[in-house]
Asker: 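The structure's right below; bear with me while I get my questions together.
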Amino acid sequence: MSGTLKPFNAVLGWARKFSLFHYPFVTACCGMEYMSAACAHFDLDRFGAGWTRFSPRQADLLIVVGTVNEKLAPVLRTVYGQMVDPKWVIAFGACAVSGGIYDNYAVVQGIDTLIPVDVYIPGCPPRPETVLDGLIRLQEKIQKQDQDWRWRKRRS
Amino acid sequence: MEKKTLLTGLRDALADGVLGAAESPDLPVLTIRPEALVLLVRTVRRDPFRLDVLLDLTCLDDPSAAGRFTVVYHFASFLTPARLRVKVPLDGDEPAVDSLTSFWPNAAWLEREVYDLFGVRFRGHPDLRRLLLHEGFEGHPLRKDYPLRRRQPRPPDEVGP
């Protein structure tokens, strides 16, 4: 990062971490916990992640909620590819993290074999508090990361 | 219709096509030869049985049994409370049975699912392709001899990330 931009890194990180537009890729029962976490009782919106976008083009946080089958794997990769940078991914629940209880012919053993994952939220299903904890950890990660990579990419 | 009346009536209609009959606690169960399936379906759809709904169609794999695969049909009726379960044991090497798509259109997907997961062929099916697994998947994973943790190559991406 060049010296002139360094003071703005924290500001950009602050702005990005509190304006997460998330795209829920919901395939299974964890979706109920996602809804619970996203709705008024637990309220993801308190942390600046209230805007659910149902188009990956408008989202910068992909939340993969539930079991991903081998047949669904190309779809998930396409959805991830359609998102614009900067983008982050949360693996929500045991199935998305590792395949969960489904160690068989049909289920992908963790979505990190398909796309890069930033935060893993374990649980079958995770409690909404765990989801909020995962979101806060992602925000810490965004705050600390180098925000300058877009300009660096353009220069190279 | 009582279970007993139903089973006796079908025994009379099918004669030596019937391998066995039982009044299980839930449904009357009829075991028949695969050749007798179409005759059975023609019979149960008419009076006095009027079992005009195909509720379910599935399969069992028991390698220890003489006929390794058993296709199981559940029939019901819109007019009466009667229900019937029909078991059709099949040969283990090349299991095949007649398709019921000409009687019930909903048999098409059920038979495709059984073909996909068990490899049972349905003669006369208009479009016997895999239903749940991707094209290019090898083998039939609900067979007992399919390795539990075998992994297969994924289908290619249509649009890369």
Side-chain angles (χ1 to χ4, degrees), chain A residues 22-23 25 27-28 53 55-64 66-91 94-118 149-150 153, chain B residues 56-63 68-72 90 92-95 106 108-122 125 127-161:
Chain A
H22 62 271
Y23 173 81
F25 190 88
T27 54
R53 311 311 299 181
S55 162
R57 299 271 187 212
Q58 300 170 345
D60 47 21
L61 170 60
L62 176 64
I63 308 185
V64 182
T67 324
V68 176
N69 289 331
E70 298 283 353
K71 199 173 178 179
L72 195 64
V75 179
L76 180 60
R77 286 171 62 89
T78 305
V79 165
Y80 180 75
Q82 284 174 336
M83 292 168 66
V84 286
D85 286 323
K87 57 190 174 184
W88 300 276
V89 178
I90 286 182
C95 293
V97 170
S98 68
I101 60 170
Y102 305 108
D103 186 4
N104 60 21
Y105 61 93
V107 176
V108 173
Q109 300 298 300
I111 59 159
D112 51 6
T113 58
L114 301 169
I115 54 177
V117 178
D118 293 288
W149 57 273
R150 292 182 83 183
K153 213 172 182 179
Chain B
D56 197 9
L57 192 169
T58 183
C59 187
L60 311 170
D61 178 8
D62 183 359
R68 179 177 158 187
F69 295 97
T70 308
V71 181
V72 184
L90 299 178
D93 297 329
E94 284 189 10
N106 71 323
W109 276 26
L110 297 168
E111 287 175 355
R112 275 178 67 187
E113 184 187 353
V114 169
Y115 164 69
D116 191 357
L117 300 175
F118 287 94
V120 175
R121 297 207 156 261
F122 290 89
H125 191 290
D127 183 23
L128 197 62
R129 285 181 293 131
R130 288 190 179 276
L131 179 68
L132 299 173
L133 301 170
H134 54 85
E135 297 288 329
F137 192 93
E138 281 179 20
H140 303 284
L142 288 196
R143 287 189 174 193
K144 297 290 187 207
D145 52 8
Y146 187 88
L148 185 64
R149 292 204 164 80
R150 179 178 170 194
R151 304 282 169 214
Q152 300 211 12
R154 296 206 175 96
D157 291 1
E158 285 168 28
V159 183

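So you know, we letter chains A, B, ... as the sequences are listed, proteins then strands, and number each from 1.
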Asker: Can you tell whether the side chains of A/Lys87 and A/Asp118 come within less than 4.0 Å, N to carboxylate O?
Answerer: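 Looking at A/Asp118 together with A/Lys87, the answer is no, because their closest N to O distance does not fall below 4.0 Å.
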Asker: Just checking heavy atoms, which of residues 113-121 of chain B are less than 4.5 Å from chain A?
Answerer: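 Heavy-atom contacts from residues 113-121 of chain B to chain A are B/Leu117.
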Asker: Could you check if a side-chain atom of B/Leu90 sits within less than 4.5 angstrom of a side-chain atom of B/Thr70, using non-hydrogen atoms only?
Answerer: no
Asker: Give a yes or no on whether a salt bridge exists between B/Arg68 and B/Asp62, defined as a side-chain N under 4.0 angstrom from a carboxylate O.
Answerer: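 Salt bridge: no.
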Asker: Salt bridge (charged side-chain N to carboxylate O under 4.0 Å, His left out) with A/Asp103: which residues, sequence neighbours excluded?
Answerer: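 Residues passing salt bridge (charged side-chain N to carboxylate O under 4.0 Å, His left out) with A/Asp103: B/Arg149, B/Arg151.
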Asker: Hey, is B/Arg129 close enough to B/Asp127 for a salt bridge, meaning N to O under 4.0 Å?
Answerer: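 Yes, charged N to carboxylate O under 4.0 Å.
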Asker: Using side-chain heavy atoms (C-beta onward) and a distance below 4.5 Å, is B/Phe137 in contact with A/Tyr105?
Answerer: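 In short, these two side chains touch, coming nearer than 4.5 Å.
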